[in-house]
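Here's the structure we're looking at; comments come further down.
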Amino acid sequence: MPENALAAGRAPSAVQASLRAVAALVLREMSTRYGRTPGGYLWAIPEPLGLIVILSLAFSLLARPPALGTSFLLFKATGLMILHAFMVLCGQVGNALTFSRPLLRYPRVAWIDAVMARE
């Protein structure tokens, strides 16, 4: 028994069509954001870590660490990771409709698919 609706000769449901559109948009986002090289995907890890290291060095040179427990670096790192993820997500979702405008002309691609793929 075929699992794919197209292989069975019937049209996919609206949910299946939406999931396929979101999956295609996610693959498009990943290839445009990180490039087509394997090193591009690995860049997603050192970028926020570099931000944490640079800001930690700057804060340690400019001010003395307050008494907030055992590791002020860990305290800053957790806050900066969440802030960085939130800022990147807001910027990408805000530009999702502009970035995917040509694809929204296709009847299977809805605006919510473009927004979900940018998350």
Side-chain angles (χ1 to χ4, degrees):
M1 184 165 149
E3 295 178 14
N4 192 348
L6 293 176
R10 58 182 173 9
S13 70
V15 172
Q16 289 174 332
S18 181
L19 288 177
R20 289 182 63 199
V22 169
L25 288 170
V26 165
L27 290 176
R28 178 176 167 248
E29 288 294 321
M30 289 176 63
S31 67
T32 57
R33 186 178 309 156
Y34 299 117
R36 296 183 185 265
T37 61
Y41 294 104
L42 295 176
W43 180 248
I45 296 169
E47 181 185 8
L49 291 179
L51 174 72
I52 290 169
V53 169
I54 290 171
L55 287 177
S56 294
L57 288 174
F59 280 126
S60 67
L61 293 175
L62 296 176
R64 66 178 185 88
L68 288 174
T70 58
S71 175
F72 190 55
L73 176 64
L74 183 62
F75 175 74
K76 285 188 289 193
T78 55
L80 287 174
M81 290 291 280
I82 294 170
L83 177 65
H84 185 262
F86 177 74
M87 288 173 43
V88 168
L89 181 68
C90 286
Q92 289 174 351
V93 170
N95 293 326
L97 296 179
T98 304
F99 185 73
S100 299
R101 186 168 308 280
L103 295 175
L104 294 176
R105 293 187 183 132
Y106 292 103
R108 290 279 188 198
V109 180
W111 67 270
I112 193 70
D113 297 336
V115 170
M116 287 174 49
R118 290 290 279 208
E119 294 178 7

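Numbering of residues begins at 1 and proceeds along the displayed sequence. For the numbers below, each heavy atom of this structure counts, side chains included, while hydrogens, waters and symmetry mates do not.
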Rest of the hydrophobic cluster containing Leu57 (Ile/Leu/Val/Met/Phe/Trp/Tyr, side-chain heavy atoms under 4.5 Å)? Val53
Rounded to the nearest 0.5 Å, how far does CG of Leu80 lie from CG of Leu49? 11.0 Å
Output all residues satisfying side-chain contact (heavy atoms from CB on, under 4.5 Å) with Val88, sequence neighbours left out; order by chain, then residue number. His84, Gln92
Tell me who clusters with Leu19, hydrophobic residues only, linked when side chains sit under 4.5 Å apart either directly or through other members. Val15
Nearest-0.5 Å distance, CG of residue Leu51 to CE of residue Met81: 9.0 Å
List, by chain and then residue number, the residues other than Ile54 in its hydrophobic cluster (Ile/Leu/Val/Met/Phe/Trp/Tyr, side-chain heavy atoms under 4.5 Å); write none if there are no others. none
